[in-house]
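Numbered from 1 within each chain, the chains take letters A, B, ... in sequence-line order.
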Amino acid sequence: MLSLDLIRKSPEVVRRSLERRGDAASLALLARIGELDGRRRTSRQGAEALRARQNRLTRLLGPLRGAKGGAQLKGFIEKTQATMADDDLRAALLRFYAMSNWDKLDGWKSVQAHAISELMKLNAELATQLQALEKQDEGAPELEQELNDLLLSLPNIVDEAVPDGAGPADNQVVATSGEPPAFPFTPKPHWELGESLGIIDFARGVKLSGTRFYVLMGLGARLQRALIAFMLDVHTTEHGYTEVYPPFMVKREALVGSGNLPKFGDNLYHDAEDDLWLIPTAEVPITNLHRDEILEALPLYYVAYTACFRREKMSAGRDTRGIKRGHQFDKVEMYKFVAPESSGQELDRMVADATDLCRRLGLPHRVVQLCAGDLGFASAKSYDIEVWAPGCGEWLEVSSCSNCADFQARRANIRYRPQAGGRPQFVHTLNGSGLALPRILIAVLENFQQADGSVIIPGVLRPYLGGAERITSAK
RNA sequence: GGAGGGAUCGCAUAGUGGUCUAGUGCGGCCGCCUGCUAAGCGGUUACAGGGACUUAAAUCCCUGUCAUGGGUUCGAAUCCCAUUCCCUCCGCCA
């Protein structure tokens, strides 16, 4: 979420960012946001002024009513009028003070009664005014809701350093590492290897759950588990991340906090009975770990293995072959909560942490900087990491590392104190896969396949597979 | 799923309709005192929104917030209703 303050004070910054994203729809909403914001402010000011008067008045009634004796009553009235900020009320108090009944026997009681009924009358007037004001702003709650929804639907401000561009074709390769292997034979795609080795069962996946589901069998399943364990181990013991095992189902608010709702509900699985949502990435629960908190110590590095669930409505018909894009997949996710001034270099470190895994696995990979037009909704700056898959002949996105700046922190209300005792400020959040599983599995199978259809297991994974060096069959 | 109890400032607690503009203790921060440490003394102590003044910060004023949302009342931490969460017991269960 963008701050209303930014939209008010620097609308040109917001406009330019939306233009760079090519987000014409959001651009059109800016004027409406300004209008709603202005309207809300003026109506609030009127109501608050009235409420302030009402509070001042109501504060008089208690002591007035509770006074025990004329001296006490008189003293209260005298003292209070001296500090009364409201002219009408001060005038009223002075009038009570000047009344003649004080001198009669029990006269103070009639002053008291008079004062109370006068003030009640005044209060009734204020209540009427307040009511009129409320009636005038009849649609206020709806407008407030609309303003809120509009704010939640604007994408993050694009970082200045992000190159211009309209879409994926304009992304820039910033680093390439590792040599694509040279095969003395035609490398096979993973769906052929997986099937002939008996480690991927497509037909049974479809039988169980329909299209875009598969079953991993034997060493295929074990290889995936080895990859998960390997990646978690490296991140926790060498890269400084704390392992987290979060719920795979979350409440609606959690998805608002991370930026998936209200805009991208289409791509999520949802249980209507309990209003629980299956996470599309561990980024969602981890962002919300610290929702509504003021963090004591930064930075915080987390890494989580989770399954991820996506409807893939937006990608209907794409990547239907193999295991590249399923409705359910596993992923190890890195996540950081950091101080704003360090988020730039933290992003670079996160990319390094992800590519480190590719290097250790021996997979040829490259780092791609996303252009403004291809940037995700919540991201200010992103790098994708792609590994080469010689069988299907394409670069596979196995990670997308993003600096979300304060965009998610503002939605999820996650803050820290720059100085002890200072004002809380929003943290910056970063997320990146480290790495996404079925694709890294594809890369391992396709890069290390042998002429006989077997697959050599990368050295770093062998300890996780009981020392096995090669997959020749599922067993 | 059933029955009962609960939710107050960072923590612990007080608070049964107006003096609550939420008290007290602990912790934190600032200062004083002080061979060191500890203790002591004084002060301070949330968040959000809006406004005044400002280059800005600081400061000041107003509104809201005692789990959340409604209601009763001139006035609600306090009374009523609903929701959420926590605890205890019962049932069921990997």
Side-chain angles (χ1 to χ4, degrees), chain A residues 1-10 33-34 36-69 71-80 83-89 92-93 96 112-131 133-134 137 140-145 147-148 151 247-254 256 273-276 288 290-297 406 409-427:
Chain A
M1 184 159 61
L2 305 183
S3 87
L4 247 186
D5 213 44
L6 178 73
I7 298 174
R8 262 180 219 151
K9 287 181 180 157
S10 316
I33 289 176
L36 289 171
D37 176 45
R39 233 201 270 185
R40 183 177 66 167
R41 239 183 326 169
T42 43
S43 80
R44 259 195 202 169
Q45 279 167 28
E48 280 186 5
L50 274 176
R51 214 161 290 131
R53 287 200 70 190
Q54 218 168 15
N55 285 344
R56 271 194 287 265
L57 190 153
T58 267
R59 252 175 254 144
L60 296 177
L61 279 167
L64 231 44
R65 182 163 284 174
K68 299 189 173 55
Q72 200 183 32
L73 184 66
K74 209 165 178 176
F76 173 75
I77 293 177
E78 188 174 12
K79 201 176 78 198
T80 311
T83 55
M84 176 50 70
D86 189 291
D87 289 341
D88 290 353
L89 287 179
L93 287 169
F96 306 148
Q112 182 187 43
H114 177 75
I116 288 171
S117 80
E118 283 291 301
L119 292 181
M120 299 267 272
K121 236 184 279 173
L122 236 168
N123 190 275
E125 271 172 44
L126 289 182
T128 315
Q129 283 179 48
L130 205 58
Q131 253 172 21
L133 208 72
E134 268 166 23
D137 302 324
E142 287 78 8
L143 293 182
E144 172 102 34
Q145 185 61 49
L147 177 60
N148 209 27
L151 281 175
F248 293 3
M249 302 170 89
V250 296
K251 297 196 265 192
R252 177 181 299 267
E253 303 95 277
V256 173
E273 192 172 346
D274 295 318
D275 197 24
L276 280 173
N288 287 275
H290 295 300
R291 177 150 50 96
D292 296 320
E293 289 183 21
I294 297 174
L295 300 175
E296 296 291 339
D406 63 359
R410 182 169 276 114
R411 286 173 163 249
N413 190 30
I414 306 163
R415 293 170 297 173
Y416 79 113
R417 294 185 198 276
Q419 299 101 26
R423 284 203 165 283
Q425 277 186 15
F426 292 111
V427 301

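Spacing between atom CD1 of I116(A) and atom P of rU73(B) amounts to 19 Å, rounded to whole angstrom units. Atom CG in N123(A) sits about 11 Å away from atom C1' in rU73(B), given to the nearest Å. Distance, R40(A) CZ to rA48(B) P: 15 Å, rounded to whole Å. Between K9(A) atom NZ and rG50(B) atom C1' the separation is 12 Å, expressed in whole Å. In this structure, CG of D274(A) is placed 16 Å from P of rU83(B), rounded to the nearest angstrom. The distance between atom CG of L61(A) and atom P of rC74(B), rounded to the nearest whole Å, is 11 Å. Between D5(A) atom CG and rA48(B) atom P the separation is 13 Å, expressed in whole Å. Atom CG in L295(A) sits roughly 14 Å away from atom C1' in rG10(B) (whole-Å rounding).
rA38(B) is unpaired under the Watson-Crick or G-U wobble criterion, no partner having all donor-acceptor distances under 3.5 Å. Shown here, rU19(B) forms no base pair; nothing in the strands shown gives a Watson-Crick or G-U wobble contact with both key distances under 3.5 Å. As the counterpart of rU72(B), no nucleotide is assigned, since no Watson-Crick or G-U wobble pattern has both distances under 3.5 Å. Nucleotide rG25(B): paired with rC11(B) (Watson-Crick or G-U wobble, both distances less than 3.5 Å). rA57(B): no Watson-Crick or G-U partner with both key distances under 3.5 Å is found in any strand. Here rA48(B) sits opposite rU63(B) as a Watson-Crick or G-U wobble pair (both hydrogen-bonding atom distances under 3.5 Å). Within the shown strands, rA3(B) is the pairing partner of rU88(B) under the Watson-Crick or G-U definition, both distances less than 3.5 Å. Of the nucleotides present, none pairs with rU78(B) by Watson-Crick or G-U wobble criteria with both distances under 3.5 Å.
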Tell me, with the steps shown, if L143(A) and R40(A) meet side chain to side chain contact (heavy atoms under 4.5 Å, CB included). CA-CA 8 Å; L143(A) 293 182; R40(A) 183 177 66 167; over 6 Å; no
List the steps, then state whether side chain to side chain contact (heavy atoms under 4.5 Å, CB included) holds for L151(A) with I7(A). CA-CA 10 Å; L151(A) 281 175; I7(A) 298 174; 3.5 Å; yes
What verdict does the salt bridge (Lys or Arg N to Asp or Glu O under 4.0 Å) test give for E48(A) and R51(A), after you've listed the backbone C-alpha separation in whole Å, the side-chain angles of each residue and the deciding distance to 0.1 Å? CA-CA 5 Å; E48(A) 280 186 5; R51(A) 214 161 290 131; 5.9 Å; no
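Put simply, the side chain of Q54(A) reaches to within 4.5 Å of the side chain of N123(A), judged on heavy atoms. With a 4.5 Å cut-off on side-chain heavy atoms, L57(A) and L61(A) count as touching. A 4.5 Å side-chain heavy-atom check between L89(A) and T80(A) finds every atom pair outside the cut-off.
Comparing rA77(B) with rU72(B), their C1' atoms sit 16 Å apart, to the nearest whole Å. Atom C1' of rC85(B) sits at a distance of 26 Å from the matching atom of rG27(B), rounded to the whole Å. Annotation: rA76(B) and rG71(B) have their C1' atoms spaced 11 Å apart (nearest Å). Comparing rU78(B) with rC66(B), their P atoms sit 8 Å apart, to the nearest whole Å. Only the P atoms considered, rU84(B) is 39 Å distant from rG28(B), to the nearest whole Å. For rA48(B) and rC9(B), the C1' atoms lie 15 Å apart once the distance is rounded to whole Å. To the nearest whole angstrom, the two P atoms, one in rG50(B) and one in rA58(B), are 16 Å apart. Between rU73(B) and rA14(B), the two P atoms lie 31 Å apart (nearest whole Å).
Comparing atom distances between the R44(A) side chain and each of rG49(B), rC47(B), rG75(B) picks out rG49(B) as nearest. Listed nucleotides: rA48(B), rG51(B), rA46(B). Nearest to the side chain of R415(A): rA48(B).
For Q45(A), a side-chain nitrogen or oxygen approaches OP1 or OP2 of rG51(B) to under 4.0 Å. Taking 4.0 angstrom as the limit, R41(A) places a side-chain polar atom (N or O) nearer than this to OP1 or OP2 of rG51(B).
Partner E144(A) forms a salt bridge (charged side-chain N to carboxylate O under 4.0 Å, His left out) with one of R44(A), R39(A), R41(A) and no other, that one being R44(A).
If you check every strand for non-hydrogen atoms under 4.0 Å, R8(A) touches sugar and phosphate atoms only.
For the pair R53(A) and E125(A), the salt-bridge criterion is not met [side-chain N within less than 4.0 Å of a carboxylate O].
Comparing D37(A) and G62(A), the nucleotide of RNA chain B nearest to each residue sits closer to the 5' end for G62(A).
Residues Q425(A) and P418(A) come closest through the heavy atom pair CD-CG, 3.9 Å.
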At under 4.0 Å between heavy atoms, how does the protein contact nucleotides 54-64 of chain B? Give one character per nucleotide, 5' to 3', with B, S or -. --------BSS
